[in-house]
Amino acid sequence: MIFETHMRRTTASIALIAALAASPVAAQDNSATASSESQNQSGVTQSMNSDQPVASVGDTEITGADLVAFIDSLPPRMREQPPQMVVSMALQQVVLRELLLQEAEAQNLGEDTQVQTMVDEAANVAREDAMVQVYLQRELASRVTDEAVQQAYDQVAEQSEQELPPLEQVRPQIEQQLQQQAVQSLRQELAADVEVVIYGPDGEPMPGDSQSGEANPGDAGSASGSDETSSDSQ
């Protein structure tokens with residue numbers, strides 16, 4: 001589709017916390033390949049040192065155990081992706097979640113009526129998860145407005161040599177793209193006020209822009225168990 005071609009952007013794999021801003025990950029077509037990738041992923045997570053930090057967000061430390069727990073919670077088709085891709089994505093999302101949680105706590109969302117209702121009505125929703133979800137939903141609602149959608153559509157229309165489908169027909173694609181961009185912007189804004197550090201397999205901070213957390217997190221997460229895993233990720 002013409003619209004999708006013009007709207008496509010190179011985005012970091014920070015997808016998000018439920019399906020609010022994430023594009024679906026393609027499932028593996030070859031069942032043998034999927035099984036092999038799943039076994040590889042299991043090997044990577046098992047090799048992680050559960051107590052060793054893989055990242056820190058302000059005063060909060062994220063360990064290998066935290067990363068493994070997040071990976072284990074992912075849908076099977078996401079875990080079937082190449083191990084390095086899964087670990088990198090998982091580390092970025094865990095760091096992002098912590099940034100969102102710290103801001104939600106700063107805004108005292110734990111006492112928010114919507115958060116309390118969500119926890120009361122859904123037994124499987126933890127208070128922290130509800131805080132993150134409510135905070136993110138409100139941020140996206142304030143950034144992905146009807147006006148922003150119209151502006152994005154008009155911009156693509158101006159750049160396209162062919163007529164676009166009606167706005168309402170492509171609104172979901174526009175909103176999803178704007179959500180992805182909004183999450184990226186929000187991450188950068190939150191990381192500007194919090195020190196984000198990614199650690200390597202030796203437990204030392206990795207070189208790079210640690211303030212934004214962009215220190216090649218895939219290498220850090222997957223290599224936290226052994227140097228051999230680290231060399232495989234290069």
Side-chain angles (χ1 to χ4, degrees), residues 11-22 45 48-75 78-79 85-112 114-115 118-119 124-140 142-143 179-201 203-225:
T11 59
S13 179
I14 58 176
L16 215 255
I17 309 202
L20 286 172
T45 56
M48 289 183 182
N49 185 332
S50 61
D51 296 326
Q52 182 170 313
V54 294
S56 62
V57 181
D59 295 330
T60 300
E61 188 176 84
I62 298 171
T63 66
D66 297 323
L67 195 59
V68 170
F70 182 86
I71 292 173
D72 288 344
S73 72
L74 294 172
M78 295 185 71
R79 295 199 304 271
M85 180 187 300
V86 175
V87 172
S88 178
M89 178 276 296
L91 183 55
Q92 291 185 59
Q93 289 215 27
V94 170
V95 169
L96 173 59
R97 180 189 182 279
E98 183 59 33
L99 286 168
L100 296 171
L101 176 59
Q102 290 184 15
E103 181 61 24
E105 290 176 335
Q107 296 186 16
N108 199 32
L109 286 187
E111 305 301 322
D112 187 273
Q114 185 177 353
V115 170
M118 186 179 298
V119 173
N124 62 334
V125 176
R127 177 174 170 274
E128 289 186 351
D129 291 334
M131 291 169 63
V132 169
Q133 185 172 338
V134 168
Y135 171 71
L136 183 59
Q137 286 176 338
R138 291 177 181 176
E139 282 294 322
L140 292 180
S142 68
R143 297 169 187 242
Q179 287 173 341
Q180 291 176 335
Q181 294 171 356
V183 170
Q184 283 187 305
S185 297
L186 183 58
R187 176 197 167 107
Q188 293 172 355
E189 293 166 12
L190 296 177
D193 297 324
V194 179
E195 184 179 16
V196 177
V197 179
I198 305 299
Y199 295 97
E204 295 296 323
M206 295 184 66
D209 184 4
S210 48
Q211 185 72 15
S212 64
E214 299 298 334
N216 199 2
D219 291 343
S222 62
S224 60

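What's counted below: heavy atoms across the whole structure, side chains too, no hydrogens, waters or symmetry copies.
A donor-acceptor pair under 3.5 Å is absent between the side-chain atoms of Ser88 and the main chain of Met85, judged by distance alone. Between the Thr63 side chain and the Ser50 main chain, a donor and an acceptor come within less than 3.5 Å of each other. Side chain of Gln52 to backbone of Pro201: a donor-acceptor contact under 3.5 angstrom is found.
Heavy atoms only, all atoms of each residue included: Met78 and Val86 are closest at O-CG2, 3.2 Å. Nearest approach of Val119 to Ala130, heavy atoms of both residues: CG2-CB, 3.8 Å.
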Distance-only donor-acceptor pairs under 3.5 Å for side chains of residues 55-62, two or more places apart:
from	atom 1	to	atom 2	distance (Å)
Ser56	OG	Tyr199	OH	3.3
Thr60	OG1	Glu98	OE2	3.3
Thr60	OG1	Gln102	NE2	3.4

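Here the CG-CG distance, from Leu96 to Leu91, works out to 11.0 Å after rounding to the nearest 0.5 Å. Taking OG from Ser185 and CG from Leu190, the interatomic distance works out to 10.5 Å, rounded to the nearest 0.5 Å. With rounding to the nearest 0.5 angstrom, the CD1 atom of Ile71 is 7.0 Å from the CG atom of Leu74. Separation of atoms CG (Leu100) and CD (Glu139) is listed at 9.0 Å; rounding is to 0.5 Å.
Between the side chains of Glu103 and Gln107, at least one donor-acceptor pair of N or O atoms lies under 3.5 Å.
Applying the side chain to side chain donor-acceptor pair (under 3.5 Å) criterion to Gln114, with sequence neighbours excluded, gives Arg138.
For the pair Leu140 and Val183, the minimum side-chain heavy-atom distance is below 4.5 Å. Looking at heavy atoms from C-beta onward, Leu186 lies in side-chain contact with Leu136 at the 4.5 angstrom threshold.
Among pairs with a residue in residues 126-137, those fulfilling salt bridge (Lys or Arg N to Asp or Glu O under 4.0 Å) read Arg97-Glu128, Arg97-Asp129, at least two apart in sequence or across chains.
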